[in-house]
Amino acid sequence: MYELLEKINQPLDLRSLERKQLPQLAHELREYLIDTVSKTGGHLSSNLGTVELTIALHYVFDTPRDRLVWDVGHQTYSHKILTGRREQMPTLRQYHGLAGFPRREESEFDTFGTAHSSTSISAALGMAVAARARSEDRRIVAVIGDGAMTAGMAFEALNNAGAMDANLLVILNDNDMSISENVGALNNYLARLLSGRFYSAARRASEKVLGRMPPVLELARRAEEHMKGMVMPGTLFEEFGFNYIGPIDGHDLDVLVATLSNLRGLDGPQFLHVVTRKGKGYQPAEENAILYHGVGKFAPPEGIVAKPAAKPAYTQIFGDWLCDMAARDERLIAITPAMREGSGLVRFSQEYADRYFDVGIAEQHAVTFAAGLGAEGMKPVVAIYSTFLQRAYDQLIHDICIQNLDVTFAIDRAGLVGADGPTHHGSFDLSYLRCLPKMVVMTPSDENECRQMLYTAFEFEGPTAVRYPRGSGPGTAVKQEMTALPIGVGEVRRQGKHIAILAFGAPLTAALQAAEGLDATVANMRFVKPLDEDLVRELSETHEVLVTVEENVIAGGAGSAVLEALERMQRPINVLQLGLPDRFVEHGDPHSLIIECGLDAAGIARSIKDHIS
């Protein structure tokens, strides 16, 4: 079934093939991707779209001596297969298995770890400058998607790279537009022409001759830019100092190999525009690339079959609340940095299109955009993942908190998210949020509490954050009416003796289960900031041991807030802090990771018994 693919154990094997064999390899690779990802889940449509590009890159460039840096990295499954990891693909994103993104410790071919967007050009530029400093003859290639090009960091790197005149090739993988046959043929011809040695040599020679006549040289440059601008959208990148080539068909291996071969011989900053189609070769994914972007297990012949959820996910709770709240308050504006589906904003984007803003992969802009809205009396709600908010931390401090602006942050993917691993685990938000003056931080323990806390945050005048986990909660019924909770007030959910467990957010369910065998008191703290210090004082006076539980790193988290409060009260008491360890937790199914970190009911009970024994 995989006649050629089974012979490819490293790029050297690939480079031993004849060029005419590459289309067959692409077909086999695409079929293998569909088969393996259907069994493990993962990012499918983006990987199907980069099969030919990946083959061409490893065929032309001397990897790993030549460096490939992938942006975001969710489109590197073909890269992993061709670089010695084919047999590990059945473990993709599984506990102790192959990572879903490039990782330096996994392979020498993964030259830079990625999983968040728009970092490739900066990293590749650093590698290019390092090669130049060491007089090493190696090529550096950054592959960046059109979505990642919406982030400011990509343009900062382009600006710097053009000025440095480094030997760097940036490939824009554009999958948001198609090329018709006639336009594609013209652009492919132009790309081969403009990337060829004759054009490059002629250009240098003309610059040398015309350099003695500056006005004529400037006229020639303007004429060249004008002609290029008429037939291709590269003027912007030319202004950054890059030699722009394209767009070319990213599924035509002959054109890819020829163009990349030409570009490999050129010095200076080069920019290749490649157009691909997400989901290429698998009809269901071609027809619905968004649905097949990140998939669970499915049967390839039938494709993804939607099944009704047993209980609503937190994203649905948020999406429903947002629509309900928008109907009550016309000042509500929803903002997301390119995460409409992931953050539960589809319904809102349809029902309130004029109040919905997807700003692209631009987290910093999203936060300051919200600040501007808040400064003018609007009520912005920023829907953002925990690890994505990290990228806008300065804006959160400088533009939101210092000015005490009324912005609500709905922080999804808090805690351990599972298969995406350490780059996507929301491990740090309680620590980096609670140190900010004026910020209110809430941790719902179930679905209904999430809805009520979102309402509480929206009604509060000032910066607020509600952080909730990925997936579903314990299954608590959601009340349609909305009630504002008293700020900074927790509740006792179970009365016991000697031991008091202070649970923050999702770990409450496991804490209640653990308390049964310990006859412990359990408090649902609700607020990390402001902390319910009255409740902490009361529990410290009536119990011998306090145990804090949070799905956040222990360092600087909710447990640290309790310790700081006890210090202010001068209440010496035995305290055990439970949370995520001081290391990056690997990928795997969330339940296994929770057990590994000791935050399941049995783990909590065991830690408490060990502590008091």
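What you see is a predicted model, and the numbers here were worked out from it, not measured in a lab. Positions are given from 1 along the sequence.
Rounding to the nearest 0.5 Å gives a distance of 9.5 Å between OG1 of T521 and CD1 of I499. Note that CG of L546 and CD of Q577 are 11.0 Å apart. Values are rounded to the nearest 0.5 Å. Separating the CG atom in L396 from the CD atom in E363 is a distance of 13.0 Å, to the nearest 0.5 Å. In this structure, CE on M89 lies 8.0 Å from OG on S78, to the nearest 0.5 angstrom. The distance from atom CG of D532 to atom CG of N524, rounded to the nearest 0.5 Å, is 10.5 Å. Distance CE/M153 to NE2/H116: 12.0 Å, rounded to 0.5 Å.
Heavy atoms only, all atoms of each residue included: D71 and G145 are closest at CB-N, 4.5 Å. For the pair M149 and A154, the tightest heavy-atom approach, listed with the atom from each and the gap, is SD-CB, 4.1 Å. For the residue pair A124 and A142, the shortest heavy atom distance occurs at CB-CB, 3.8 Å. Taking both residues in full, the closest heavy atoms of V72 and S117 are given as CG2-CB, 3.4 Å, listed atom of the first, atom of the second, then distance. Residues L433 and A465 come closest through the heavy atom pair CD1-CB, 4.0 Å.
Not a single donor-acceptor pair under 3.5 Å links the side chain of R340 to the backbone N or O of S349. With hydrogens and angles ignored, the 3.5 Å screen pairs a side-chain donor or acceptor of Q75 with a backbone N or O of G73. Side-chain atoms of T150 come within 3.5 Å of backbone atoms of I361 as a donor-acceptor pair (strictly under, hydrogens ignored). Judged purely by atom type and a 3.5 angstrom limit, T91 has no side-chain atom pairing as donor or acceptor with the backbone of Q94. Looking only at distances, no side-chain donor or acceptor of R85 sits under 3.5 Å from a matching main-chain atom of L82. Judged by distance alone, with hydrogens and angles left aside, the side-chain atoms of S120 form no donor-acceptor pair with the main-chain N or O of I144 at under 3.5 Å. The closest donor-acceptor contact from the side chain of K80 to the backbone of A99 lies under 3.5 Å. S607 places no side-chain N or O within donor-acceptor distance of the main-chain N or O of I604, the cut-off being under 3.5 Å. Listed for the T408 side chain is no donor-acceptor partner under 3.5 Å among the backbone atoms of V381. Listed for the D66 side chain is no donor-acceptor partner under 3.5 Å among the backbone atoms of T63.
Atom NE2 of H611 is surrounded by more than 12 heavy atoms from other residues, nucleotides or ligands within 6.0 Å. The number of heavy atoms from other shown groups lying within 6.0 Å of CZ (R104) does not exceed 12. Atom CD of E491 has more than 12 heavy atoms from other residues, nucleotides or ligands within 6.0 Å. The 12-atom threshold is exceeded at CD of E105, counting heavy atoms of other residues, nucleotides or ligands nearer than 6.0 Å. Summarising the local packing, CG of D610 is surrounded by more than 12 heavy atoms from other residues, nucleotides or ligands at distances under 6.0 Å. Remark: H365 NE2 is packed, more than 12 non-hydrogen atoms of other residues, nucleotides or ligands lying under 6.0 Å away.
Using a 4.0 Å cut-off between charged nitrogen and carboxylate oxygen, E564 and R434 count as a salt-bridge pair. One finds no salt bridge joining K7 and E28 here, because no Lys/Arg side-chain nitrogen approaches an Asp/Glu carboxylate oxygen to under 4.0 Å. The residues E596 and R583 are annotated as salt-bridged, a charged nitrogen and a carboxylate oxygen being separated by less than 4.0 angstrom.
Between F101 and H424, the ring planes are parallel. Angles under 30° get that label, and only those over 60° would be called perpendicular.
Annotation: side chain of P463 is not in contact with side chain of V440 (no heavy-atom distance under 4.5 Å). Two residues are said to be in side-chain contact when any heavy atoms from C-beta on lie closer than 4.5 Å; V141 and R67 fail this criterion. In this structure, the side chains of K39 and K297 stay at 4.5 Å or more apart for every pair of heavy atoms.
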TODO: For H96 and H587, run ring-ring contact (aromatic ring centres under 6.0 Å, His included): C-alpha distance rounded to whole Å, both residues' side-chain angles, the deciding distance at 0.1 Å, then the answer.
DONE: CA-CA 7 Å; H96 294 314; H587 60 274; 8.5 Å; no
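Side-chain rings of H74 and H293 approach one another, their centers coming within less than 6.0 Å. A centroid separation of 6.0 Å or more is found between the aromatic rings of F504 and F527.
With N173 as reference, T276 is the one residue of D146, T276, T50 to meet the side-chain hydrogen bond (donor to acceptor under 3.5 Å, both in side chains) rule.
Take D420 and apply the salt bridge (Lys or Arg N to Asp or Glu O under 4.0 Å) test, not counting sequence neighbours, and it matches R93.
Applying the salt bridge (charged side-chain N to carboxylate O under 4.0 Å, His left out) test to every pair with at least one member in residues 423-432, sequence neighbours left out, gives these pairs: D429-R467.
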